[in-house]
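The structure appears right after this line, and notes come after that.
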2 protein chains.
Amino acid sequence: MKLLPSGLVNSRSRQMTPGRRPATDHAAIERVAFRLFAERGFEETTVDAIAEAVGIARRTLFRYYPSKNDIPWGQFDAGLVHLREFLEATPLDVPVYQAVHRAVLDFNHLDEAAIPQHRQRMRLLLTTPALQAHSVLKYAAWRRVIAEYVAGRYGLSANDLLPRTAGYVSLGMALSAYEQWLDSEDASLPQLLDSALAGLRRYL
Amino acid sequence: MKLLPSGLVNSRSRQMTPGRRPATDHAAIERVAFRLFAERGFEETTVDAIAEAVGIARRTLFRYYPSKNDIPWGQFDAGLVHLREFLEATPLDVPVYQAVHRAVLDFNHLDEAAIPQHRQRMRLLLTTPALQAHSVLKYAAWRRVIAEYVAGRYGLSANDLLPRTAGYVSLGMALSAYEQWLDSEDASLPQLLDSALAGLRRYL
DNA sequence: CGCAGTTACGGCACCAAGTGCAACAAATAT
DNA sequence: ATATTTGTTGCACTTGGTGCCGTAACTGCG
């Protein structure tokens, strides 16, 4: 069962690079994997099944993704670069916590069309125990970006207490907003992020 | 966290209970496991090695702990019961965020003598990737206790945005305080927890 | 004492994730 | 053609974890 939807993966269009062409790409693997996860669930889908459905060897799949848990995360790591850039482009007269909040909003901005798929991905990530566990390692890098920005604004080290706390707290607000977003259809993600921040400021 | 309760594990003292005596107990396993973790590191210590050192079968070890990752967590789950009780015993005229803060302080209170061992345990938990990942699942229950209390005080559901956020934020403050505590010898945990809260209030 | 009932141990087979290695396939460059 | 480069694949092996079932050890009773 071979699904090779991506049109030019194996195209013979001129390539200056020598060596064998890749047999697939991350996008194709993700598509197939998400279909299987939706059908049978994450834990019930073995790596062998994914590899077979993609049409590559199991060993090859582990070249594209370091672990099964990494498959659903997509372009998360690439988004961190953007997050950092956004923060650094923020004017210095914006209060630190607001600068961070705006960056979080930007990081989680979605085009209308992308919402259903993002919902599916986030539902998978936030409700599958193995993926929840794996998320810590992903989020650590995210928190680090926040901590470094806060540290820079206050002239501190990213390892100091306040920057670290800011990283954790920003992440906490984002995650509780996401949980809420998955629970109820009606609210929008930006609204929920705003509410989380406003609620927290009142709470403290 | 009690580390040496046994001594009469296999004692012939009168037992009303029928059936074979357990061959060991959690405390003994923990002692051996921590020794091996300290010697070789967590990932490098196989379950077989732990079982052999304890003197039980691998299969038996998995009866005492559902996974290798659960071994270093000790009495964490039992502590949650106490956390809940502490919160419920807090007078209602204490502001919610302060009530939570006091409970967090209490939860992390340590006797002077227990500090070095707790440090070792926390260092293991917070610096080993596999254990960091596993921690999410443990912390979810902790956050839930906080969220339920906050929800109760505000007449909300524990699934509402503010209680969830409070759970995440409390956890975040505790974790950044712990990271700081492990980094620097001089500060005390309660001081760091206070500083985290004070810093956050100024930040927001 | 012998036997039933109960509780825990332990061996075995098996599954899934992940890794190291070496052979092999496909592409380009000379 | 052939060397070089890059990617794929099969295989053996390690580790954590589970289901099943027989056996060991203990209590209580006739």
Side-chain angles (χ1 to χ4, degrees), chain A residues 2 4 6 8-29 32-33 36-37 40-73 128-134 137, chain B residues 6 8-29 32-33 36-37 40-73 128-134 137:
Chain A
K2 198 170 200 188
L4 263 189
S6 57
L8 26 150
V9 173
N10 259 339
S11 84
R12 292 290 137 76
S13 50
R14 48 264 194 35
Q15 295 270 157
M16 309 308 274
T17 58
R20 184 174 178 167
R21 298 301 95 181
T24 182
D25 59 16
H26 290 83
I29 294 175
V32 172
L36 294 180
F37 294 158
R40 319 179 202 170
F42 181 81
E43 318 266 14
E44 292 73 24
T45 305
T46 68
V47 173
D48 297 76
I50 301 170
E52 193 191 341
V54 176
I56 58 175
R58 162 199 174 72
R59 191 65 183 84
T60 304
L61 208 169
F62 279 113
R63 269 222 172 59
Y64 282 84
Y65 293 93
S67 80
K68 180 185 170 186
N69 287 338
D70 282 291
I71 298 178
W73 280 91
T128 307
L131 294 176
Q132 284 182 48
H134 191 67
L137 311 174
Chain B
S6 58
L8 26 148
V9 175
N10 259 338
S11 83
R12 293 292 136 79
S13 52
R14 47 171 92 272
Q15 293 272 155
M16 312 305 275
T17 58
R20 183 175 179 167
R21 294 296 84 112
T24 182
D25 59 16
H26 290 82
I29 295 175
V32 171
L36 294 180
F37 295 157
R40 319 179 201 171
F42 181 81
E43 319 266 14
E44 292 73 23
T45 305
T46 67
V47 173
D48 298 76
I50 301 170
E52 193 191 340
V54 176
I56 58 175
R58 163 199 172 75
R59 191 65 184 83
T60 303
L61 206 168
F62 279 113
R63 270 215 188 70
Y64 282 85
Y65 293 93
S67 81
K68 179 185 172 186
N69 287 338
D70 283 291
I71 298 179
W73 280 91
T128 307
L131 294 176
Q132 283 182 46
H134 191 66
L137 311 174

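Chain letters run A, B, ... following the sequence lines, proteins first, then strands; residues in each count from 1.
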For this session: Measure from the side-chain heavy atoms of B:Val47 and tell me the nearest of D:dG16, D:dT5, D:dG28.
Result: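 Nearest to the side chain of B:Val47 among the choices is D:dG16.
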
For this session: Can you figure out which of D:dC26, D:dC21, D:dT8 approaches the side chain of B:Arg21 most closely?
Result: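 Selected nucleotide (nearest to the side chain): D:dC26.
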
Exercise. Relative to the 5' end of DNA chain C, which residue comes earlier, B:Gly19 or B:Ile56, by the nucleotide with the nearest heavy atom?
Worked result: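 Per heavy-atom nearest nucleotide, the more 5' residue is B:Gly19.
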
Provide, to the nearest angstrom, the distance between the [atom1] atom belonging to [X] and the [atom2] atom belonging to [N].
| X | N | atom1 | atom2 | answer |
| --- | --- | --- | --- | --- |
| A:Phe62 | C:dA17 | CZ | P | 7 Å |
| A:Arg20 | D:dT4 | CZ | C1' | 16 Å |
| A:His134 | C:dA17 | NE2 | P | 14 Å |
| A:Arg58 | D:dA12 | CZ | C1' | 12 Å |
| B:Asp48 | C:dG11 | CG | P | 12 Å |
| A:Ile71 | C:dA17 | CD1 | P | 10 Å |
| A:Lys68 | D:dG16 | NZ | C1' | 14 Å |
| A:Arg40 | C:dA16 | CZ | P | 11 Å |

For this session: Measure the spacing between CD1 of A:Ile29 and CG of A:Leu61 and express it to the nearest 0.5 Å.
Result: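 CG of A:Leu61 is found 5.0 Å from CD1 of A:Ile29.
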
Exercise. Rounded to the nearest 0.5 Å, what separation is found between the CH2 atom of A:Trp73 and the CG atom of A:Leu137?
Worked result: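 With rounding to 0.5 Å, CH2 (A:Trp73) is 9.5 Å from CG (A:Leu137).
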
Problem set entry | Derivation of the side chain to side chain contact (heavy atoms under 4.5 Å, CB included) call for B:Asp70 and B:His134 | CA-CA 8 Å; B:Asp70 283 291; B:His134 191 66; 3.1 Å; yes

For this session: Answer with base, sugar-phosphate or nothing: what part of the nucleic acid does A:Thr46 contact at a heavy-atom distance below 4.0 Å?
Result: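 The answer is sugar-phosphate, as A:Thr46 gets under 4.0 Å only of primed atoms, P, OP1 or OP2.
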
Exercise. With sugar-phosphate meaning primed atoms plus P, OP1 and OP2, does A:Tyr64 contact a base, only sugar-phosphate, or nothing at under 4.0 Å between heavy atoms?
Worked result: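 Contact class for A:Tyr64: sugar-phosphate only.
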
Exercise. In this structure, are over 12 heavy atoms from other groups packed under 6.0 Å from B:Glu52 atom CD?
Worked result: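 It does not: B:Glu52 CD has 12 such atoms or fewer within range.
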
Exercise. Below 4.5 Å, heavy atoms only, C-beta onward: do B:Ile71 and B:Tyr64 meet side chain to side chain?
Worked result: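 Sidechains of B:Tyr64 and B:Ile71: no contact.
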
Problem set entry | Closest-nucleotide 5' rank along DNA chain D - winner of B:Glu43 and A:Thr60 |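 Upstream on the strand: A:Thr60.
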
Exercise. Can you find a donor-acceptor N/O pair under 3.5 angstrom joining the side chain of A:Arg59 to the base of C:dG18?
Worked result: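 Check fails, no donor-acceptor contact within cut-off.
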
